[in-house]
Each structure stands twice: as C-alpha cells, then as structure tokens.
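Because only heavy atoms are used, hydrogens play no part in the values below, and waters and symmetry mates are left out as well, while side chains stay in.
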Amino acid sequence: MRRTRILTAVLALAAGLLAGSPPALAADTAQDVSITADTYTWKNARIDGGGFVPGIVFNRKERNLAYARTDIGGAYRWQQSSKTWTPLLDSVGWDDWGHTGVVSLASDSVDPDRVYAAVGTYTNSWDPGNGAVMRSADRGASWQKAGLPFKLGGNMPGRGMGERLAVDPNRNSVLYLGAPSGKGLWRSTDSGASWSQVANFPNVGDYVQDPSDTSGYASDNQGIVWVTFDESTGTAGNATRTIYVGVADKDNAVYRSTDAGATWSRVAGQPTGYLAHKGVLDAANGYLYLAYSDKGGPYDGGKGRLWRYATATGTWTDISPVAEADTYYGFSGLSVDRQRPGTVMATAYSSWWPDTQIFRSTDSGGTWTKAWDYTSYPDRANRYTMDVSSSPWLTWGANPSPPEQTPKLGWMTEALEIDPFDSNRMMYGTGATIYGTEDLTKWDGGSRFTVRPMVQGLEETAVNDLASPPSGAPLLSALGDVGGFRHTDLAKVPSMMFTQPNFTTTTSLDFAETNPNTFVRVGNLDSGPHIAFSTDNGANWFAGTDPSGVSGGGTVAAAADGGRFVWSPAGAGVQYTTGFGTSWQASSGIPAGAVVESDRVDPKVFYGFKSGKFYVSSDGGATFTASSASGLPSGDSVRFKALPGTKGDVWLAGGATDGAYGLWHSTDAGATFTKLPGVEQADTIGFGKAAPGASYQTLYTSAKIGGVRGIFRSTDKGATWTRINDDAHQWGWTGAAITGDPRVYGRVYVSTNGRGVVYGDTSDAGGGTDPTPAPTGACTVTYRITNQWADGFQAEVRLANTGSSAWSGWSLGWSFADGQRITQLWNAEYTQSGSAVTARNVGWNGGVAAGSSVSFGFTGSWSGTNAKPAAFKLGEQSCTLA
C-alpha cells in the first residue's frame with residue numbers, strides 16, 4: 001500500500017527556484033545551439049500505472065470515449081481499438097510544470113470533440129503558478145488555456161472528490177468550476193475561454209484536513225468539490241435549470257439552483273456531519289445519489305454514509321449498505337448504470353485493510369451486495385477473480401495472511417464509473433492503477449466477474465534516479481511510491497518492482513562501473529533498512545544494515561569496482577563501508593546531507609557536493625577534502641556525475657535563477673571547474689554512447705540553452721548542443737535525473753514527475769539501433785557450466801579472437817539442444833527465440849585484439865538434460881570448440 005504521494009521533485013524544484021546564490025564568476029558568451037536539428041521518437045519504459053487515478057469520465061453521447069485524470073501526471077484519453085490510454089498533456093512545459101496536476105475533467109456530451117481539464121498541482125507555495133482551465137476542440141490533441149486568478153490542487157487533499165468541473169448538458173457553452181481555498185464557484189459562458197466568479201453562491205466551504213499545518217498543504221480549505229446538472233430540467237440550446245453543487249462543509253454540503261444559476265439555496269433536510277465526496281444524478285428515476293465521508297480523502301476517512309435524494313419530492317433516504325457503527329471508511333467512487341436505471345455502485349475508498357470494498361445495488365439502494373464478504377473470519381468469498389498478468393507487479397511480491405489477499409482489489413478507490421453505453425464495462429481508479437471489468441453483470445447472476453488492469457499507456461510514476469549500466473538490463477529506475485524497476489525490455493512491464501526490501505520510495509541508486517552486476521539502492525521505509533544491494537545486476541536484492549540515526553534514503557554511490565560504498569542518508573551524516581554495508585563508519589570532512597557520487601575509474605575516489613562546495617575523497621570515502629573550486633551554485637539543487645572511462649572527469653548541473661545556474665565541467669577531479677558558456681540553466685547531466693566517429697561520450701541534459709528550455713544532447717563535450725525534444729514532448733518538470741544508454745547511440749532516458757520514465761531514440765545516422773559489426777578471422781569458443789541445480793544452471797562463455805585482425809564488435813550465436821532458456825546474462829546483450837540464442841558485445845567490450853578474448857556469463861533453466869551447444873557462429877562463420 002502506498003499512502004503518500006512523492007513530493008521530492010517538487011520540493012527540490014522549489015529549492016532551486018527560491019534559494020539565493022552568488023553570481024557566476026564569468027559572463028556567458030554566445031553558444032552554437034541547434035534547436036531543431038534532430039527528430040526523436042519518444043516512448044515510455046512500460047510500467048503501466050504506478051500512481052493515483054482520482055477521476056475517470058465517460059462521454060455520455062459517444063460510445064468508447066473516456067478520459068482519466070491523474071494527480072501529478074496529466075490527463076489521458078481511452079483508445080478503444082488498442083484498449084490503451086493516450087497522454088494528452090505532454091506539451092506542458094517547464095515553467096508551467098504545475099499544470100500536469102489535473103484536479104478535474106469534463107467531456108462535452110453535446111459536442112464530444114470538446115474536452116476540458118482544470119489544472120494546477122498545489123494551492124500552497126510549492127506551486128508558484130496559478131491554475132488554469134485547458135480546453136480542446138479535438139479531444140485533447142491540442143489545447144488552449146484560460147488562466148485563473150487562483151491556484152488549483154490536483155495533488156492536494158480532497159483531490160478524489162468531484163468532478164469539480166462540469167459542462168451544461170443542454171447549453172454546452174456554459175461550464176462551472178468549483179474552486180478550493182475559499183475562492184467559491186466559477187462559471188464560463190463562452191466554452192471555457194473566460195471565467196468569472198458566481199458572486200451570489202452562498203458558501204465557499206470551510207473544511208480543512210489539518211488547520212495546524214504551517215506548509216499550507218493540509219490546512220487549505222477544500223472548497224467547492226462537485227457540480228452536477230439535472231439534464232431533465234433543460235432543453236437543447238437552453239441552460240439547464242437545476243444544478244446541484246457539493247461544498248466541503250459538513251453542515252451545509254449540498255446546494256441547488258432551480259433557475260440556471262441565478263439563485264442558490266441549501267437543500268433542505270440534508271444529512272450533516274459528513275462531506276459529500278460525490279453527487280451523481282440518475283435523471284431517469286429522479287434520484288440524486290450522494291457518497292459521504294467524515295474526511296476529505298484520498299487517504300483518510302473513518303466513517304461514511306450513502307444517501308439518496310428524490311428530486312421531485314425532496315425526500316432524503318439513508319441507503320447505506322452497512323450500519324454506521326460498522327463503517328471504518330468513507331464512501332466515494334459513486335456511479336449509476338445509465339442503461340439500467342436503479343443500478344448504482346459505490347466504493348469504500350478508504351478501507352485500507354484488509355481491502356477496499358465495492359457495493360452494488362439494482363434497486364436504487366434498497367438492498368446491496370458486496371464485491372467480497374467473509375464466510376468464516378478470516379476467510380472470505382469474492383464475487384470476482386483478479387487477473388494481473390499484464391501488470392504482475394501489482395501483487396507487490398506480497399504473501400499476506402487472510403483476510404488480506406494479493407493482488408488487492410485496491411485502495412484510494414475514489415473513481416468508479418460504469419460505461420454509460422455498456423452495463424458490462426466498469427473502470428475504477430486506485431492508488432496504483434486503473435482496474436476494470438467487461439463482464440460486470442455476472443455480479444447480479446451470482447457468477448464471478450473478472451477484474452483486470454485497464455491501464456496500458458497511462459504512466460504515472462515520479463522518477464528520482466536512473467541508471468543504464470554497460471551490461472545487463474538497459475535500465476533501472478528509482479521511483480516514488482512503487483520503489484523502482486529493472487527493465488530488461490523497455491516495451492514490457494517488469495514482473496516485479498524492487499523487493500527485499502520494498503522501499504515506499506527509492507531516492508537514489510548506483511552501480512559499480514567496472515562491475516555492473518553490483519548495484520546499490522537507498523530509499524524510504526516506515527520500518528526496516530533503508531539500503532539494499534544486488535550482485536546480479538539488480539535482479540535480486542538483499543538488505544544492508546543502517547547506521548544509527550538514518551531516517552530516509554538520501555543519496556548513495558558505489559565504488560567503480562563495487563568493493564565499497566558511500567552513503568549520505570537522511571537523518572545521519574555521510575557514511576562509508578567496505579563490503580555490503582554490514583557495518584558503517586562516519587566519513588570526515590563532508591557535511592551531512594551532501595550529494596555523493598563515485599569516480600567511475602578509481603575505486604578509492606568519491607565526490608560530494610553541499611551548499612556550494614565540492615568535496616573529494618581519495619581513500620574510499622573515509623575522509624573528504626573541500627575543493628577550492630569557486631563559482632558553483634550556493635544552494636543544494638545540484639546534480640553531478642563522473643564520466644565513465646576517464647578518471648577525474650566530472651560534470652555538474654544545477655543552481656537557481658537568482659544566482660549561479662548552469663553546467664560546469666572538471667577534468668581534475670573537482671579541483672577546478674569551468675562553466676560552459678551559453679548554458680543558461682541546467683538541472684541534470686548524463687552520459688551515453690559516443691556518436692559515430694566521436695571519441696567522447698554523448699552528453700544529455702535538461703536545460704535552458706539559447707533561450708529555450710528542453711532536453712539537449714551534445715556529441716562534442718558541450719561545444720555545441722542540439723535540442724532533441726519538441727514543444728509537444730515536454731512532460732512538465734524533468735529535473736531529477738537523465739542518462740544516456742552506453743550501448744545505443746542517441747538513446748536517452750528522461751525522468752519526469754508523474755509521467756514515468758520517458759526514453760527517446762534518434763533519427764540521426766547510427767541512432768536508435770546499435771548495429772553489430774561483422775568481425776573476420778578465426779575464433780574459438782569455450783563453453784563451461786560452472787554450477788547446476790535442480791531446474792537451473794550457470795554457465796560461462798569465452799570467445800577468443802584467434803585470427804590476425806582486431807574486432808570492433810562481435811555477435812555470437814548458438815542453439816540449445818534441450819530447451820534451455822536463459823534467465824539472465826551479463827557482460828553482453830542477448831536475444832533468444834526458441835532454442836536460438838544470439839549474444840552481442842556491450843559498449844565497453846566490443847574491441848577484441850588478435851590473440852585476446854572476451855567472456856560473458858549467464859544463468860538459465862533446464863529440465864531433463866543440459867547438453868552443451870554443439871556449434872557456435874561468430875556472425876556467419878563457425879568457431880572452433882575448445
């Protein structure tokens with residue numbers, strides 16, 4: 001379960017924007033910048049979901065048109081042909097990063113091409129900009145923006161209530177928006193182009209989650225939380241006369257207008273003591289259904305009720321499926337079946353343990369059935385089956401005791417919608433995914449319906465760090481809420497996030513440059529160790545031991561050879577260890593909270609940065625010495641890395657707009673730094689495979705160069721830069737991490753704060769693929785099984801160049817005779833199709849001189865017999881077996 005949303009990136013950005021720092025020592029000079037010289041193809045490294053989906057909206061005029069909103073990762077449109085989601089707000093840029101948080105969505109039921117999104121992430125100082133209403137006439141393919149004179153809170157408490165934005169179903173030029181922070185109810189009469197406050201609306205709300213919170217996050221008034229039209233009280237082209245509005249006020253939660261918004265009054269006889277999270281009207285039978293909770297959600301809520309209001313008679317009826325005393329949760333996720341009047345569903349959104357609950361009634365709330373119930377505690381019977389084969393990590397690798405089950409039906413289930421055209425299809429959002437079913441009516445017949453993830457294409461992870469080692473898996477990630485993943489195939493969902501331990505948020509990870517099977521990661525965990533190690537390229541992990549006082553992950557660095565580690569955790573000073581962290585010693589000469597990195601060649605050299613000072617250790621992290629380098633950013637919004645293959649080559653990015661800000665380079669292990677001219681701002685730095693014909697690795701950065709914010713690439717040590725993204729692919733804030741791929745020229749992995757890991761491939765010559773050279777000359781292969789057990793084995797392959805010419809790359813193929821399957825391979829890349837295997841060099845071991853050899857190893861599965869391959873081919877030529 002994940003109860004907290006990641007704020008690290010936002011806080012780091014705020015620090016970068018607000019912290020003062022001294023001016024740069026040297027004035028910038030002109031820089032040769034190519035803004036549109038390359039075309040990239042952008043995709044997500046597939047995780048599928050990973051964050052909270054608080055809203056799902058179906059269009060009520062057009063079948064299969066649906067939208068989803070996320071709290072920090074933008075909005076999406078459903079694509080029925082592929083059953084995937086298409087992102088709609090990737091065009092949000094750096095300066096407007098807050099507009100990736102979507103507090104409400106509205107799809108126009110008169111003109112289905114029109115869709116609206118109310119955007120803004122925080123109502124407090126964390127988001128420096130005001131909110132806006134985005135409007136689109138082409139289903140979100142392009143947008144226009146109407147700025148608002150107040151902030152919106154897509155990632156604030158109460159974000160699962162709604163929808164706060166609504167289009168009049170009879171006169172679609174009229175929209176309403178419920179605002180937070182005491183700003184009241186707002187209306188547009190020109191299809192969202194302009195907005196004005198409804199001056200006579202009587203209540204701006206008064207509920208706050210925690211009045212004592214000085215940050216303004218939990219102490220903000222949650223305001224106006226939903227708007228619902230009674231479409232039966234209007235005619236086409238004329239404004240709907242009856243409108244219901246939900247207010248975050250436990251004593252005055254529901255208001256109504258019967259004259260198209262001219263006047264408003266509190267609905268008489270309504271229940272008190274609760275907040276109305278949702279108000280859904282079934283005009284066919286004249287009922288307004290309301291889901292109530294004692295808290296604003298989406299995490300909290302200890303009591304709740306469901307009520308039905310008869311719009312014709314004014315009668316209120318408590319239709320709660322359980323007695324108030326038996327609730328330990330609030331209700332939300334409210335929906336009616338438009339094909340079957342009287343069918344209504346709701347969720348127990350805040351039931352964390354043992355699971356969420358979903359309720360269904362086919363008689364307008366007179367009686368209810370549950371998605372699951374106890375048979376004899378702790379055993380339970382489910383009306384559903386779960387199939388998470390498309391996103392297997394949703395089990396969290398857990399093995400809970402009854403009545404808990406894995407995978408869970410969900411948590412934070414504030415969004416549930418029955419397809420208005422198909423009674424069998426229902427989708428609901430959770431804290432980690434969108435689940436759905438296409439055989440929902442089996443519920444009523446007593447047979448089980450199937451729940452599956454319906455989330456492909458929707459990527460909502462916040463990325464803290466990235467690693468692309470020279471061998472093994474191409475990508476490992478450090479993520480908020482779901483820990484992180486090891487991608488062996490970017491187009492496939494990994495089977496599991498990092499476990500043993502499973503951090504709620506991974507804050508940093510690193511690998512040993514010359515021994516990339518050795519990995520380390522650190523992160524946050526309510527109880528337990530905050531550091532873990534791997535000796536198999538991140539496939540499996542084991543926990544280390546925390547030094548005293550550790551309260552959070554911080555940053556970590558692995559020595560180039562993997563023999564030692566330096567850790568700068570939250571709550572304690574910088575520490576170092578030899579081996580795998582069974583005991584730690586305090587480093588001297590470096591302040592607590594410093595960012596730490598390792599030299600990628602010398603295993604004894606480590607680096608640190610804190611508050612404008614660069615620190616260097618040459619004794620494995622035992623002692624650090626402050627560099628005399630000056631002119632670096634004085635704040636702590638800085639990220640730096642050492643270049644693989646060259647000792648002492650360090651690049652540093654960061655700063656603030658009111659001081660030193662940019663990109664610096666050192667070739668003497670940080671003793672001196674040179675600021676790159678023309679790079680006005682830079683927030684990340686990463687390295688990838690050198691361009692064809694180049695000797696220096698490719699640089700990547702999220703930066704402002706030539707007056708343009710974007711993702712940039714340099715193939716000549718920063719002398720010139722090419723912008724490689726475009727205005728349609730900006731993803732809000734991208735300042736946490738970036739790395740190139742050491743094996744594929746032009747490939748870059750970009751962190752986002754809510755859109756997952758984005759990667760790009762270039763259209764440049766030599767980009768996007770890594771062609772394998774065809775070596776010539778004789779070769780010899782030694783194949784040795786080094787270990788074998790009941791159903792698995794480990795083997796080593798040695799490929800020798802016995803010819804007279806050097807190889808600049810190699811590709812070795814063979815076939816297994818007994819159905820063996822490779823499960824992991826290191827020091828080479830590989831593909832396997834049936835029995836046929838091809839292993840190729842990685843970037844650092846492609847060159848093999850005459851008379852020399854190269855080795856790689858792998859683990860595999862077998863059954864029956866485990867015979868060695870009978871033949872090996874180097875490209876198209878056969879090798880001698882040794």
Side-chain angles (χ1 to χ4, degrees), residues 465-472 476 508-520 533 535 537 555-568 574 576-579 587 590 594-609 614-625 627 629 639-653 663-674 685-690 694-700 714-715 717-718 738-743 826-827 841-849 852 854-855:
D465 204 359
L466 296 168
S468 183
S471 62
L476 286 87
S508 175
L509 80 164
D510 195 15
F511 63 91
E513 188 67 41
T514 61
N515 181 20
N517 283 332
T518 298
F519 259 84
V520 60
F533 300 91
T535 58
N537 194 247
T555 59
V556 70
D561 63 358
R564 62 184 63 224
F565 303 87
V566 172
W567 183 16
S568 179
V574 177
Y576 72 99
T577 186
T578 55
S587 302
I590 186 171
V595 177
V596 293
E597 296 282 357
S598 65
D599 191 86
R600 311 311 281 180
V601 175
D602 190 332
K604 290 292 187 72
V605 175
F606 289 84
Y607 306 109
F609 181 91
F614 195 81
Y615 298 85
V616 182
S617 172
S618 58
D619 56 7
T623 60
F624 282 81
T625 302
S627 165
R639 293 158 187 86
F640 67 93
K641 289 182 180 179
L643 187 79
T646 304
K647 180 180 177 180
D649 195 318
V650 180
W651 293 79
L652 183 147
L663 183 63
W664 287 259
H665 185 208
S666 174
T667 57
D668 54 12
T672 60
F673 279 90
T674 300
I685 185 65
F687 315 109
K689 184 175 182 178
S695 59
Y696 198 83
Q697 292 188 38
T698 303
L699 304 178
Y700 298 94
S714 175
T715 59
K717 293 188 183 182
I738 197 169
T739 184
D741 191 308
R743 292 170 261 187
W826 52 92
N827 296 332
N841 67 280
V842 291
W844 57 271
N845 64 1
V848 184
S852 298
V854 63
S855 297

Chemist: On a heavy-atom basis, which atom in Val556 and which in Ser508 lie closest, and how many Å separate them?
Modeler: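 Closest approach of Val556 to Ser508, heavy atoms only: N-OG, 3.2 Å.
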Chemist: So which heavy atom on Pro469 is nearest to which on Asn537, and how close?
Modeler: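 The pair with the smallest heavy-atom distance is CG-ND2, 4.0 Å.
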Chemist: Can you see which heavy atom on Phe606 is nearest to which on Ala558, and at what distance?
Modeler: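 Taking every non-hydrogen atom into account, CE2-C, 4.1 Å.
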Chemist: Among Asp599, Val596, Ile590, find the residue that satisfies the side chain to side chain contact (heavy atoms under 4.5 Å, CB included) test when tested with Tyr607.
Modeler: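 Among Asp599, Val596, Ile590, the one that satisfies the side chain to side chain contact (heavy atoms under 4.5 Å, CB included) with Tyr607 is Asp599.
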Chemist: Provide the closest heavy-atom pair for Ala642 versus Phe687 in the form atom of the first, atom of the second, distance.
Modeler: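 Heavy-atom minimum between the residues: O-CE1, 3.4 Å.
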Chemist: Over all heavy atoms of both residues, which pair between Gly740 and Ser468 is shortest? Give the atoms and the distance, please.
Modeler: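 Taking every non-hydrogen atom into account, O-CB, 3.6 Å.
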Chemist: Test side-chain contact (heavy atoms from CB on, under 4.5 Å) on Asp510 and Ser598; report intermediate values, then the result.
Modeler: CA-CA 9 Å; Asp510 195 15; Ser598 65; 3.7 Å; yes
Chemist: Identify, with sequence neighbours excluded, every residue that meets ring-ring contact (aromatic ring centres under 6.0 Å, His included) alongside Phe511.
Modeler: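 Here the qualifying residues are Phe519.
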Chemist: When you look at Lys641 and Thr739, which way does the side-chain contact (heavy atoms from CB on, under 4.5 Å) test go after all the steps?
Modeler: CA-CA 10 Å; Lys641 289 182 180 179; Thr739 184; 3.9 Å; yes
Chemist: Using the test side chain to side chain contact (heavy atoms under 4.5 Å, CB included), find all partners of Ala622 that sit at least two apart in sequence or belong to another chain.
Modeler: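 Scan of Ala622 (side chain to side chain contact (heavy atoms under 4.5 Å, CB included), adjacent residues dropped) gives Tyr576, Asp619.
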Chemist: Taking ring-ring contact (aromatic ring centres under 6.0 Å, His included) as the definition, give me every residue that meets it alongside Phe640, ordered by chain and number, with sequence neighbours left out.
Modeler: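 With neighbours one apart ignored, the set is Phe614.
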Chemist: Any heavy-atom pair between the side chains of Gln697 and Pro742 that's under 4.5 Å?
Modeler: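 No; the side chains remain at least 4.5 Å from each other.
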Chemist: Checking Thr667 now: which residues fulfil side chain to side chain contact (heavy atoms under 4.5 Å, CB included) with it, not counting sequence neighbours?
Modeler: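 Listed in chain order: His665.
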Chemist: Under the side chain to side chain donor-acceptor pair (under 3.5 Å) test, which residues partner Thr577, sequence neighbours left out?
Modeler: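 Thr577 satisfies side chain to side chain donor-acceptor pair (under 3.5 Å) with no residue once adjacent residues are dropped.
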Chemist: Would a 4.5 Å heavy-atom cut-off, applied to side chains only, mark Asn517 and Thr535 as touching?
Modeler: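 Sidechains of Thr535 and Asn517: no contact.
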Chemist: Which value, rounded to the nearest 0.5 Å, describes the distance between Trp651 atom CH2 and Ile685 atom CD1?
Modeler: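 Interatomic distance, Trp651 CH2 to Ile685 CD1, rounded to 0.5 Å: 6.0 Å.
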Chemist: Determine yes or no for a side-chain-to-main-chain donor-acceptor pair under 3.5 angstrom, with Ser617 supplying the side chain and Val605 the backbone.
Modeler: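 Pair absent, no side-chain N/O of Ser617 close to backbone of Val605.
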Chemist: Mind checking side chain to side chain donor-acceptor pair (under 3.5 Å) for Ser714 and listing every partner two or more places apart, or none if nothing turns up?
Modeler: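 Side chain to side chain donor-acceptor pair (under 3.5 Å) list for Ser714, sorted by chain: Asp716.
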Chemist: Given side-chain contact (heavy atoms from CB on, under 4.5 Å), test Thr518 with Phe533 step by step and report yes or no.
Modeler: CA-CA 7 Å; Thr518 298; Phe533 300 91; 6.0 Å; no
Chemist: Ignoring hydrogens, what is the shortest heavy-atom contact between Pro603 and Arg564? Give both atom names and the distance.
Modeler: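 Nearest pair, atom of Pro603 first, then Arg564: O-CD, 3.9 Å.
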Chemist: Determine whether Leu509 and Leu476 make a side-chain contact, defined as any pair of heavy atoms from C-beta on separated by less than 4.5 Å.
Modeler: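 SC-SC contact between Leu509 and Leu476 confirmed.
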Chemist: Please step through side-chain contact (heavy atoms from CB on, under 4.5 Å) for the pair Phe609 and Val650, ending with a clear verdict.
Modeler: CA-CA 12 Å; Phe609 181 91; Val650 180; over 6 Å; no
